[in-house]
Q: 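I'd like to ask some things about the structure below.
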Amino acid sequence: MQNNNTNNAEPLVRIRGLTFKRGQRAIFDNVDINIQRGKITAIMGPSGCGKTTLLRLIGGQLRPLSGSVQVDGVEVPALSRRALMNLRKRMGMLFQSGALLTDLNVYENVAFPLREHTPLPESAIRDLVLMKLEAVGLRGARGLMAAQLSGGMARRVALARAIALEPMMIMYDEPFAGQDPISMGVLIRLIKSLNEALGITSVIVSHDIHETVSIADYVYILSAGKIVGEGTPADLASTNSQWVRQFMQALADGPVRFHYPAAAIGEDLSL
Amino acid sequence: MKTWFLDRLQNLGQWGLASLERLGRGTLFFIAVVGGIPEILRRGRLIVAQIYAVGALSLVIIVVSGIFVGMVLGLQGYNTLVDFGAAESLGELVALSLVRELGPVVTALLYAGRAGSALTAEIGLMKTTEQLSAMEMMAVDPLHRVIAPRLLAGIISMPLLAAIFSILGVYGGHFVGVTLLGVDDGAYWSQMQASVDWHEDIMNGVIKSFVFGIVVTWIALFEGYDTVPTSEGISLATTRTVVNSSLAVLGLDFVLTALMFNK
Amino acid sequence: MMTNTRTLEIVVGGFIFAGLVALLMLSMKVSNLTDIGGTDGYEIKAKFDNIGGLKVRSPVKMAGVKIGQVSAIDFDNTNYKAVATLKIDRRYDKIPTDTSAKIFTAGLLGEQYVSLEAGGDDHYLKQGGEITLVSNAVVLEQVIGQFLYNKAAGNDKK
């Protein structure tokens, strides 16, 4: 199921005026986001700015306070349970920890969505599972239990599982967090190749600047519920915004202050 | 002074409202899970795996406890009855105590501690490691796939465990009373058989364990599902499971006994 | 953790089997299930002035051996007596028609039962027969009353 890679004006995910609050805190305040088909879009920002929440909103696990979240033309919050379930079969999600089912082994984990949603016979499932595992380079590990895998391997298996039903879009929740350089390299390569070979739209949520920027086609930077910067990596490198510059160059002090607000030090010390 | 009092009152009110809200969520949870049971009945493998985890693995503690409780009943019962020259009624005493009360109740309490806390921890861990979320995103309802089989397993296992507890207790009492203390073997069994009624005593006991099975498993599963997704949260949830289900069992026992054993 | 499926299923089967066996044993050995429906037997009646604590399913014994049980207890409105229907096991079909029936108590606090003492007649009781020689239950209050009355009378005589 190939998605065409041409510059389709209509984005796959269209978010307009999104507002979402947790208690008093506005996680999103009237936010507009476009996720273009067949491209890798990155959502970045400091920790706790609601990046994972965005993925949940797209996937229908959370409902926005106001605003519209459209995936492939359908309004997600308005979907019935059954329609939502059908939509989710066309979306894959890679969780931060892999979220493999711990009582199953690698093979069974990847086979899980196939068993649950398709009436395919065992032989067909076997072939599909092995192909997916081959794509992530773990075909030989199919007998291992989920608990026996390293973090990086678990994520790769989770990726194989996410593409089992050949989705139109994959969402990556902090895929590079806490990874050693080699695993990081492997994952980057996989995300890139999946996007290029299968035309899968990719949404990466991360705060690892270097890795994300190296493969993203378009980047949004979120902070305090608003988009403080967006554009291609090239645009952001030459930006005028102080804020974006501090974030992209990982500067310790800038619009986001180093010092937590406090009285002048002369008053605090007993000198 | 007055504000202190009002503060306490406000806390009480908040606690009451929070508990009510929790109860509501738990009920909705229960209804959603029960809705998934017909679909799950077609997947016997899942249920069998859960019966193993919840029932078969509890056997050891149930067997040991059943035997010991029966033996203690035999001993204490003998000590009291012998003063009335009624030691021959020991069988009746042991059997009725077990079948009507101790079998269902003690089994439920032990089950809550062993299987209940394990269920809560397991589900809580699945929530914390985002497995439940992942399932939702894969368009599989975790309430149907994960929770429903466990509820069914609990409902099936509890009466069986209680029956095993009771029968072992009867034999435990027999060992102490007849073999060790010299109560007449024939009298032990015949007095028992004459006074234990199948409908009134045994069936009522089975009904009790069914009810306990539903309630304890429900509480255990809900606490796990509702837990704060941190390791601290899971530990609090398992404690709550044991405490709440124990209280529920004892409270329900009174209600059921009053309803069933009204002379 | 995925234990061997076959082992798992065997263990679960064993567990359910054990549970059902336990239930069966509770029904058979512990409760009175075997008595319900009752053994095949023939019914005879006995009329008492007072049956005391005799209940349905109370045993009927002869020479200390249980040969049947009380299957029904009714009240005869014409002669104001209690009518106990005794169901006797078919094996014991040689009970003489002049057998007497008494209500005894097993032990001090035990349950009450009907004790039959054989007579000498050549004819035997059959279905629908009646035991006419009957002695009532010992009612504790009457005994105490009797005792106190005798004591008082004895004191008067002095």
Q: Scan side-chain atoms only and decide if A/Arg16 and A/Asn34 contain a donor-acceptor pair under the 3.5 Å cut-off.
A: yes
Q: Can you tell me which portion of A/Leu100 sits under 4.5 Å from chain B's heavy atoms? Options are side chain, backbone, both or neither.
A: backbone
Q: Determine, stepwise, if the pair B/Phe210 / B/Ile214 fulfils side chain to side chain contact (heavy atoms under 4.5 Å, CB included).
A: CA-CA 6 Å; B/Phe210 257 120; B/Ile214 297 176; 5.5 Å; no
Q: If we ignore angles and hydrogens, is there a donor and acceptor under 3.5 Å between the side chains of B/Thr227 and B/Arg240?
A: no
Q: Does any heavy atom of chain B fall under 4.5 Å from the side chain of A/Met91, the backbone, both, or neither of them?
A: both
Q: Could you check which of A/Glu116, A/Lys89, A/Met171 has the highest count of heavy-atom pairs closer than 4.5 Å to chain B?
A: A/Glu116
Q: So, taking the atom named CG in B/Leu168 and the one named CZ in B/Phe165, what distance separates them when rounded to the nearest 0.5 Å?
A: 9.0 Å
